[in-house]
There are 2 protein chains.
Amino acid sequence: MSMKKGKATIHDIAEKLNITASTVSRALNDNPRISENTKKLVLKMAKQLNYQPNHIASALRSGKSKLIGVLVPTANRNFFSSVVRGIEDIANELDYKVIISQSYEDYDKEVQNVEALLNARVDGIIASIGKNTENFDHFQKVLDKGIPLVLFDRITNEIDVSQVIIDDYQGAYDTTKHLIEQGCKRIVHFTSPKKINIYRERLRGYEDALKDFKIEIDPELIEESNMQLEDGRTSMENIIKKEIPFDAVFSSSDYAVMGALQVLREHKIIVPNQVKLAGFGNEPFTSFTFPPITTVDQKSIPMGRVTAETFFELLKSDGKKGNNQKTVLKPELIIRESTQKRN
Amino acid sequence: MSMKKGKATIHDIAEKLNITASTVSRALNDNPRISENTKKLVLKMAKQLNYQPNHIASALRSGKSKLIGVLVPTANRNFFSSVVRGIEDIANELDYKVIISQSYEDYDKEVQNVEALLNARVDGIIASIGKNTENFDHFQKVLDKGIPLVLFDRITNEIDVSQVIIDDYQGAYDTTKHLIEQGCKRIVHFTSPKKINIYRERLRGYEDALKDFKIEIDPELIEESNMQLEDGRTSMENIIKKEIPFDAVFSSSDYAVMGALQVLREHKIIVPNQVKLAGFGNEPFTSFTFPPITTVDQKSIPMGRVTAETFFELLKSDGKKGNNQKTVLKPELIIRESTQKRN
DNA sequence: TATATTTGAGCAATCGATTGCATATTTAAA
DNA sequence: TTTAAATATGCAATCGATTGCTCAAATATA
């Protein structure tokens with residue numbers, strides 16, 4: 001076993017077989033111009049030498065790195081990490097690797113990260129936009145370079161780009177309708193002042209459901225915040241302090257609804273008997289609380305898979321414009337005790 | 001603006017300035033053999049041409065890809081995604097990118113993924129071992145190739161490798177001690193039949209605390225399972241069916257303790273008054289349940305940062321053996337209502 | 001002034017795989 | 001038997017940056 005220092009290259013294989021590296025390269029890539037016999041020999045020798053292709057060299061020459069850049073606000077939020085998981089599933093099957101990159105909801109960092117991913121020569125980018133992003137030039141630039149881009153969940157319509165979202169409007173409409181059907185008439189809504197698509201759509205769904213059921217939209221019942229758990233607490237306290245009647249809370253965020261639940265419990269207000277609660281996102285903890293909270297499942301892993309599939313189609317169609325695809329997944333209302341009379 | 005098709009390269013800069021690419025390369029890398037004046041000119045021209053270094057080309061020639069492979073059982077578990085976040089934080093500062101890869105607790109996939117990461121020419125690997133892995137040749141191979149490897153949380157002592165863990169023993173000991181101090185004497189323990197380090201150490205901590213307080217270790221109280229939520233339910237039902245007395249449950253997993261809480265509630269057994277509960281991991285939901293659950297914080301983000309720092313030191317010390325570093329982080333017992341008498 | 005040293009930059013090979021364009025060998029068609 | 005077409009492989013340039021070595025010019029030392 002003449003194990004040379006470094007790894008075996010196509011040149012080593014070529015030398016052993018008395019053929020050229022080009023032939024080896026073609027044989028390994030199953031090029032039809034190489035005879036079956038030669039292919040067999042090459043494959044055998046490759047195995048024998050424990051040859052491992054150098055993706056870097058291949059990337060340099062071919063211009064394809066087989067790397068996908070994934071940009072998310074933060075990797076350790078269940079929704080995003082689940083989407084990443086879905087993406088990685090698909091990418092893996094196709095022998096692509098996923099580079100992950102976080103914006104922390106910071107616009108500058110988002111711009112930098114897009115830049116950095118391009119520098120790393122990813123073959124394309126999959127991204128979810130940060131809450132504070134209002135200018136989309138950095139994404140437009142990606143498109144202008146002909147690099148595949150797919151946005152998911154947090155999207156923008158200011159640029160013409162492939163995207164995968166769930167039907168936030170429908171999810172919110174269904175939830176609100178469900179609350180109404182449970183007899184609620186004074187439904188508080190937690191939303192964000194940042195008018196990114198998801199919160200805008202959820203608000204619209206909430207309002208339309210009320211309208212359809214002839215219930216007045218009371219601005220007093222709409223609380224704007226950043227919708228973390230603490231914000232949810234604050235919003236709930238605000239509502240309670242106002243001493244206006246309310247019989248339900250529909251929050252655009254599971255975290256905020258969690259805060260509301262805590263505050264209600266502290267005030268000895270019984271959920272769901274006195275106030276019903278619904279969130280959005282189906283974060284794992286919503287099923288663990290007492291009572292478990294009704295929420296909207298965002299189909300995170302499927303979203304990751306569909307996003308990846310959309311991405312790869314875009315990659316295949318390579319440059320041809322007008323291939324942008326917009327997919328809207330159906331969310332699922334998960335009804336739990338927090339919106340139902342207890343037995 | 002003579003914007004050529006492709007991106008600018010060092011050759012374009014060289015041509016414009018009537019110098020060679022080598023000089024440009026050195027100037028950009030701040031090589032002392034290049035005059036300040038030339039450097040200034042190169043930098044200026046680079047900016048003017050909007051030059052972006054091609055990391056792929058650089059990687060090929062230099063053998064350093066500036067890519068780190070991170071291998072975790074699953075990306076969408078809060079603990080792992082938080083560690084990944086910590087790693088990415090540090091890597092980012094140093095201009096490295098993180099490739100993420102999931103084993104799904106599957107041994108074969110773990111082996112394949114290590115292989116795939118090496119093929120992608122990562123400069124090193126950070127990994128947490130899958131539950132079912134009992135052979136570590138794939139990691140040994142990485143070490144043999146002189147490629148930096150750091151294990152975190154789920155480690156092995158069968159190979160000599162850098163590692164970052166928390167003191168699982170101490171965390172379990174402290175938790176058990178805390179339960180004993182709350183008056184518990186019959187403490188159920190949920191553990192895993194897989195004797196990977198973390199569960200083994202936690203079991204040991206549990207047992208030692210009991211011994212130190214002269215409490216008999218009753219094998220009847222030790223339930224083995226895969227420790228997901230459902231398993232926790234089953235374990236709890238088992239214990240209740242046995243009709244043996246117990247006054248606390250200390251689970252090596254937050255998910256399993258969650259299951260226990262549900263079953264206890266269904267049996268109208270009051271937590272913490274009748275039975276106290278403690279978990280391990282400080283998954284976000286443990287603070288959201290009713291009552292909130294005492295658990296052990298695993299310091300996930302710090303763990304990610306320390307792991308990354310350990311990794312980069314290893315990278316710097318480049319090949320020199322005997323640089324393996326073993327860090328043990330202190331866990332933190334988070335005491336919540338589930339182990340305290342209610343007011 | 002002659003020689004040694006330092007400084008700044010160029011030359012050309014290299015990393016490993018890919019690919020357009022020959023070329024040689026067979027096989028098929030005329 | 002010629003010529004045309006198909007098949008299989010080789011040649012050499014290329015992707016873009018890095019780097020050991022060489023060399024010229026400038027400066028310092030004797």
Side-chain angles (χ1 to χ4, degrees), chain A residues 4-43 45-46 49-67 95 118-123 145 318, chain B residues 4-43 45-46 49-67 95 118-123 145 318:
Chain A
K4 284 198 304 184
K5 282 182 205 173
K7 304 177 170 61
T9 71
I10 51 170
H11 293 94
D12 298 325
I13 298 178
E15 198 175 353
K16 291 268 187 182
L17 296 175
N18 249 336
I19 54 178
T20 61
S22 352
T23 303
V24 173
S25 171
R26 292 191 174 105
L28 291 172
N29 288 308
D30 205 25
N31 186 309
R33 287 172 28 178
I34 301 299
S35 70
E36 287 308 317
N37 187 44
T38 304
K39 282 181 190 170
K40 211 168 289 176
L41 288 172
V42 167
L43 251 33
M45 183 58 71
L49 297 180
N50 189 28
Y51 167 78
Q52 299 297 141
N54 186 322
H55 287 182
I56 300 272
S58 161
L60 177 59
R61 176 61 226 247
S62 69
K64 319 237 141 280
S65 64
K66 296 222 159 199
L67 257 28
D95 202 24
L118 293 178
N119 278 182
R121 257 55 179 186
V122 295
D123 286 346
K145 293 190 185 186
D318 180 43
Chain B
K4 283 198 305 183
K5 280 183 206 172
K7 302 176 170 61
T9 72
I10 53 170
H11 293 95
D12 298 325
I13 299 178
E15 197 176 355
K16 291 268 185 183
L17 296 175
N18 246 337
I19 56 180
T20 60
S22 350
T23 302
V24 173
S25 171
R26 291 192 174 102
L28 291 172
N29 289 306
D30 205 25
N31 185 309
R33 289 170 29 175
I34 302 298
S35 70
E36 288 307 317
N37 187 45
T38 304
K39 282 181 190 172
K40 209 167 291 175
L41 288 172
V42 168
L43 253 32
M45 184 57 72
L49 297 180
N50 188 29
Y51 167 77
Q52 300 297 141
N54 186 322
H55 286 184
I56 299 273
S58 162
L60 177 59
R61 176 61 226 244
S62 68
K64 321 235 140 281
S65 64
K66 297 222 160 198
L67 256 28
D95 202 24
L118 293 178
N119 278 182
R121 259 50 180 188
V122 295
D123 286 347
K145 293 190 186 187
D318 182 42

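Below, chain A is the first sequence line, B the second, and so on; all start at residue 1.
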Between atom [atom1] of [X] and atom [atom2] of [Y], what is the distance when rounded to the nearest 0.5 Å?
X	Y	atom1	atom2	value
K16(A)	Y51(A)	NZ	OH	16.0 Å
L41(B)	K39(B)	CG	NZ	12.5 Å
T23(B)	L17(B)	OG1	CG	10.0 Å
I10(B)	S25(B)	CD1	OG	5.0 Å
D12(A)	K7(A)	CG	NZ	12.5 Å

In whole angstrom, what separates [X]'s [atom1] from [N]'s [atom2]?
X	N	atom1	atom2	result
L60(B)	dT14(C)	CG	C1'	9 Å
H55(B)	dT18(D)	NE2	P	9 Å
K64(B)	dG16(C)	NZ	P	13 Å
N31(A)	dT19(C)	CG	P	9 Å
Y51(B)	dG16(D)	OH	C1'	8 Å
I56(A)	dC15(D)	CD1	C1'	13 Å
H11(A)	dA12(D)	NE2	P	13 Å
D30(A)	dA17(C)	CG	P	17 Å

A correct 5'-to-3' footprint of nucleotides 7-13 of chain C, with B, S and - meaning base, sugar-phosphate only and no protein heavy atom under 4.0 Å, is -BBBBBB
May I ask you to test the Q52(A)-L118(B) pair for a side-chain heavy-atom distance under 4.5 Å? no
Smallest heavy-atom separation, L60(B) atom then A57(A) atom, equals CD1-CB, 3.7 Å
Donor-acceptor side-chain pairing of T38(A) and S35(A) below 3.5 angstrom: yes
Would you say the side-chain atoms of N31(A) pair up with the backbone N or O of A27(A), donor to acceptor, closer than 3.5 Å? no
Using five pairs at each end of the helix from dT1(C)-dA30(D) to dA30(C)-dT1(D) to define an axis, what is the angle between those two axes, to 10°? 50°
Does N54(A) have a side-chain nitrogen or oxygen under 4.0 Å from the phosphate oxygens OP1 or OP2 of dC15(C)? no
Would you say S25(B) reaches dT18(D)'s phosphate, i.e. side-chain N/O to OP1/OP2 under 4.0 Å? yes
